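For the single chain, residues carry numbers from 1 onward in sequence order. Just so it is clear, the structure is predicted and the values come from calculations on it, not from any experiment. Whatever order the structure lists them in is the order used to number ligands and atoms, beginning at 1.
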Amino acid sequence: MGTALCKRHCAFCQHHSDGSNERTSTPQQAGSSFYVNPSALQNRHVTLYNYKPRISKDLMVKEGEEIEILSREGEWALVQKVEDGGGENQVKEGYVPSSFVAEIGSLAAARWFFGSMIHVDVKRCLLRAENQNGSFLVWQNKEMNDIYFLSVRYGDIVKHYEIKDKANFQNLSRLINNYSNEAGYLCTRLTEPCVKLDRPSISTLARVVEWEIQYSSLQKGDLIGQGQFGEVWKGIWNCTTEVAIKELKGVDSKLKKEFLEEAEIMKQLHHERLIKLLAVCTDSEPFCIVTELMTKGNLHKYLKSHSEIRNLDISLLNGFAIQIAEGMVYLEERCCVHRDLRTENVLLTEMLCCKISDFGLARLLKSDRYSISYDAKVPIKWMAPEIFHDQSYTTKSDVWSFGVLLTEIITYGGVPFPDKKSHEFVKDLMEEVTISPPADFPDDLRDIVLQCWNHSSEKRPTFEELQTMLMNCNPMLKTVEFLSLT
Ligand code: ATP
């Protein structure tokens, strides 16, 4: 892999000046360039997204560029590409995230292939304003034994076609080409692949960056949020990378050790439905948490902004709930309790994908400070009854909060139990009064919420069960048609 280019161009490429056959890319070579024959790239891959260098050894790439992978280091790939350097071709070399590249001729490299998805997300993506009639994508349904579907936007609806035959790049490409020429069996001719806005998260700031970073490497921009534990700023790390910076107010030194231990645990939590913690600043005050930046803010704000006209499709709302449950399944499997699950702590990507925030470190901070009071800042109405009895937070108390979160979603960010003051609400809980969602709540979701609000915590469903129940509320669309590739 990667050696063919060097054997042909040793005179130029510096790699084998010692005559060795082994490609050993030293840090000095990464990010460098040299002249080469353009046909030399081997092990051909294509870049799926633009990547702007974050540190000096990184390589700038644009979506759709041909590159060669030389080696892989965890989440990063050392790659080279041939560039027209004013008449002469140059090879440039450096690091890019591995998830940003795919082998040419593989399904992953096709612009229309979206990988493993759930149908509500497919619909949400295709109905975005950036897409048009005939926009399409091919995806794989995890819940249905990895069956492949072709989904097409037709006006304001989405049609799904199950692909019956074995799917691979060749026959799927042929299928896409055929239906791009004429609609044939489909509702409409295929036009453009669905727009992809979100890039895969990268779990570290850069390839060789320590967990602890210097406060001076951060530049604060706009204030984007304010929580109980500090202010959240839009910021730039190392003059290159957009991040969110949460500056913690008054974290005393006795918390520091625990804080760092918890940060270590959070480092291990990687899931597309959880906010990525990228770095911390704890060497001096102010302590900071650096996370990926979520451009659309929190789900509560988003729902509120649509509360006047209430124009969001129920499948979009259901999709939010499914995604949050998906993130919670991951935490549940790791016995990680959130303690503060509500729409304000769910953040949205550009593509309106949900990521749960405020877990882990927040839990630690809160455990010291959350005394049960009727203070407006304590999320009384999201709290399970057992918390008022003995302050025991478990995954099942998160399930209770998830039921409340479902009512927030369906009521477009409405205050839960609006006709009850906090102390009245707690009194009801203590007396085991059955509480119910609003009268106009959809029946299938009402049943789920009531299960979450079982006073006996062990009788509440798990997040895994909740995810399945929510998926069943939105059964695979009745518009599924069968499409044969043969
Ligand atoms: P609380 O405990 O009251 O929830 P907090 O001090 O833990 O507050 P956060 O909930 O983490 O603070 O953040 C407050 C607000 O800042 C969020 O509701 C959100 O609007 C914004 N925010 C936080 N993190 C990000 C991020 N990574 N990207 C974009 N906005 C963010």
Practice problem: Return each pair, listed once, that meets side chain to side chain donor-acceptor pair (under 3.5 Å) where at least one residue sits in residues 286-303; pairs must be two or more places apart or across chains. | Solution: S201-E292, E292-K355, T295-E350, K296-E350

Any salt bridge between [X] and [Y], counting N to O under 4.0 Å?
X: E332; Y: R460; answer: no
X: D358; Y: K246; answer: yes
X: K396; Y: E458; answer: no

Quiz prompt | Heavy-atom proximity to atom 24 (N) of ligand 1, best of L293, L347, L348, L277 | solution = L347

Practice problem: Pick, from K301, Q226, K246, the option with the minimum heavy-atom distance to atom 5 (P) of ligand 1. | Solution: K246

Quiz item: Does S357, backbone or side chain, put an N or O under 3.5 Å from an N or O of ligand 1?
Solution: no

Self-check item: Non-hydrogen atom of H300 closer than 4.0 Å to ligand 1
Solution: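 No, H300 has no heavy atom closer than 4.0 Å to ligand 1.
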
Quiz item: Contact between E247 and ligand 1, counting heavy atoms under 4.0 Å?
Solution: no

What atoms in ligand 1 come closer than 4.0 Å to a heavy atom of [X]?
X: R342; result: 3 (O), 4 (O)
X: A244; result: 26 (C), 27 (N), 28 (N)
X: N345; result: 4 (O), 10 (O)
X: T291; result: 27 (N)

Quiz item: With a 4.0 Å heavy-atom cut-off (strictly under), which part of E344 contacts ligand 1: side chain, backbone, both or neither?
Solution: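 For E344, the contact with ligand 1 is made by the backbone alone.
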
Quiz item: What part of R339, side chain from CB on, backbone N/CA/C/O, both or neither, has a heavy atom under 4.0 Å from ligand 1?
Solution: neither

Self-check item: side chain to side chain contact (heavy atoms under 4.5 Å, CB included) against A110, all qualifying residues, sequence neighbours excluded
Solution: W112, F113, F169

Quiz item: Which pair of heavy atoms, one from H270 and one from Y330, lies closest together, and at what distance?
Solution: N-OH, 2.9 Å

Quiz item: Do E75 and S99 have a side chain donor and acceptor closer than 3.5 Å?
Solution: no

Quiz item: Heavy atoms, side chains only, cut-off 4.5 Å: are C281 and F287 in contact?
Solution: no

